[in-house]
Amino acid sequence: MKHFLILIALFLMCSCKSLNNTESIPEKNSDDTSAISTKNFTEFKILDSKYISNEDLWKPFNEDLKSFTVEFYNTLKPFILDQDIPTLQNHIQNGNLSYENLTKFYLYRIRKYDRENELSLNSVIALNPQVVSQAREKDAALKNKMRQHPVFGMPILLKDNINTENMATTGGAVAFQNNHTADAFIVERLKENGALILGKANLSEWAYFFCGDCPSGYSAMGGQTLNPYGRKVMDTGGSSSGSGVAVAANFCVAAIGSETSGSIISPSSQNSVVGLKPTIGVLSRSGIIPISSTLDTPGPITRNVTDNAIIFNAMLGYDAADAKSMETHWNTAVHDELDAEALKGKRFGAFKELMADTLYQKALADLKLKGAIILEIDPEKVKLPGFIRLLNLDMQNDFSNYVTVSGDPSLQLKSIEDVIAFNEKDSLAMMPYGQKLFVGVVEDQASEAEFTEIKTTLKSNGRSFFDAPMDENNLDGILSINNYHAGAAAVAEYPVITVPMGYTSNGEPKGLTFIAKPLSEKLLLTWAYAYEQASQRRLAPKNYN
């Protein structure tokens, strides 16, 4: 009888939603983070973008790529595919490669694989029309010994919520398709260190805090991003879906993602790449379309840990415009401190509830072989009350602040309410999965004292979840899988890194995830590097070699 009544209630709820065309809003005090997390695979309503013209996308490059033949592409493959940045720089220094040809190689692969074919991934939403000429400038600068940083001349994709000149920053939304801006602070830092901005990566629209009932990797502007390890059958993870997919498919040297709760870790683990979510404030958030000024951070997504450390280092810098920005005073380059023997004697907590996962067991065995001490722990019984409310309340202010401070001055949509109204003009094109999370944002209200209490409680509970077992067992870090504990790490404002640890029986990637206390990025990177070197679990997606 109980199950029957539940079914009736669900039917009535669905019927009411259909009849009234209203959105179902998450409960205000919910601690459920699934709305912005990796989803089980669902059928896609839409695959291809209605707003990207392949002809227009490639028009700036047709002349430059005319002489880039398939034969030349195949000649370059051994020098580029799955190679780390130091190796690429050595090939360039030795004359086997140039920055121009490296850039053209990635453009060739994007044109070949990314859109409107049987292997399309829909991971790239825009390309920098000046990137080839900028690459030629790097080649000229190299001759004049102007390279100072390993990222020099490396083509990087940016998640399309990160501002950069020459391309609109859309957040995946039609409402922002003409949002032309200056560079975000981290983009300025990348360029100062010599990086090339190749283009913009697709994302779960508005960083996955928009629809709620949509698949990972969908945006109205970019279409549906697909997982190269299981196209149309495996979730991409979100919200930095395009960044994770593009890195996995060798469309760039590296990509930059952003995370509020799992949005770097999720797509990195789902696409068998390395993703770092830093301590909040270590990397600037200025010029990035926000969800939450409390929890947001950008971070690097790469195919290996060495590159991750290089890209992370290239973005470091204090930003006076970011209230949470901090000066780390890390005087030595993080990538110079990576140590394959760094696990010896380190104490890690491993969750008992994850021990049934055979890939997790293999990863723990690899760690032990390198001298790590593994202690099995039970998770603390901690809730995250008001998690969605924190995001709602932050976004009410942070979105409008972004538009005012960092958006295109001509933007007419100044608030979440404006975007909701804009989308309702053509709901099938602009919000085929609805916009219930945006509706939830505008309907939430709290006093300043209540909002402060929500943030304080969440941070305290998140830190208790990790600190209690770490302090009790004198642990250096915690070991998880994928983004399983991303919500607690988010509210605790703790850094996280995930590294490929293998594949399930159906070929779906999984990542070993390290979590540590604030400002432990150097430790996380060196532990991840030591594990990566010992395990060598990553395999490239076979259809994209």
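No side-chain donor-acceptor contact under 3.5 Å links S268 to the backbone of V273.
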Salt bridge (charged side-chain N to carboxylate O under 4.0 Å, His left out) between K517 and D471, intermediate numbers included:
CA-CA 11 Å; K517 293 190 178 183; D471 294 344; 3.0 Å; yes

For a side-chain contact (heavy atoms from CB on, under 4.5 Å) check, start with the C-alpha distance between R303 and N250, then their side-chain angles and the critical distance, and finish with the verdict.
CA-CA 9 Å; R303 281 178 293 277; N250 276 275; 3.3 Å; yes

Under the criterion salt bridge (charged side-chain N to carboxylate O under 4.0 Å, His left out), I'd like the reasoning laid out for D444 against R389: C-alpha separation, chi angles, the key distance, then a yes or no.
CA-CA 7 Å; D444 208 345; R389 295 203 67 199; 2.9 Å; yes

Under the side-chain contact (heavy atoms from CB on, under 4.5 Å) rule, what do F514 and L479 come out as? Steps first, then yes or no, please.
CA-CA 5 Å; F514 296 80; L479 302 170; 3.5 Å; yes

Chi angles and distances behind the side-chain contact (heavy atoms from CB on, under 4.5 Å) call for L158, L190:
CA-CA 11 Å; L158 305 173; L190 285 167; 4.3 Å; yes

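Annotation: the span from I311 atom CD1 to H335 atom NE2 amounts to 10.0 Å, rounded to 0.5 Å. To the nearest 0.5 Å, atoms NZ (K324) and CG (D296) are separated by 9.5 Å.
Inspection of the T170 and D160 side chains reveals an N or O donor paired with an N or O acceptor under 3.5 Å. Remark: the Y402 side chain and the N161 side chain contain no N/O donor-acceptor pair separated by less than 3.5 Å. Defined by atom type and a distance below 3.5 Å, a donor-acceptor pair is missing between the side-chain atoms of S284 and S325. If you check the side chains of D84 and T87, you find a donor sitting under 3.5 Å from an acceptor. Checked by atom type, the side-chain pair N178/S410 shows no donor-acceptor distance below 3.5 Å. When only modelled atom types and interatomic distance are considered, T225 and N202 share a side-chain donor-acceptor pair under 3.5 Å. Side-chain polar atoms of E100 and S98 form no donor-acceptor pair below 3.5 angstrom. A donor-acceptor contact under 3.5 angstrom links the side chains of T279 and E521, judged on distance only. Between the side chains of S243 and K159, not a single donor N or O lies within less than 3.5 Å of an accepting N or O. If you check the side chains of T297 and K277, you find no donor sitting under 3.5 Å from an acceptor. Neither side chain, S480 nor T513, offers a donor N or O lying under 3.5 Å from an acceptor on the other.
We find that D322 and R285 are joined by a salt bridge, their nearest charged nitrogen and carboxylate oxygen being less than 4.0 Å apart. Between R189 and D319, none of the side-chain N atoms (NZ, or NE/NH1/NH2) sits under 4.0 Å from a carboxylate O, so this pair counts as no salt bridge.
When the options I416, V419, I291, D394 are evaluated for a side chain to side chain contact (heavy atoms under 4.5 Å, CB included) with V441, the one that passes is I416.
Ring geometry for F152 against Y99 counts as perpendicular: the plane angle is over 60°, on a 0 to 90° scale with 30° as the lower cut.
The minimum heavy-atom distance between T302 and A254, with the atom names listed, is CG2-CB, 3.7 Å.
If you look at F399 and F176, their ring centroids are closer than 6.0 Å.
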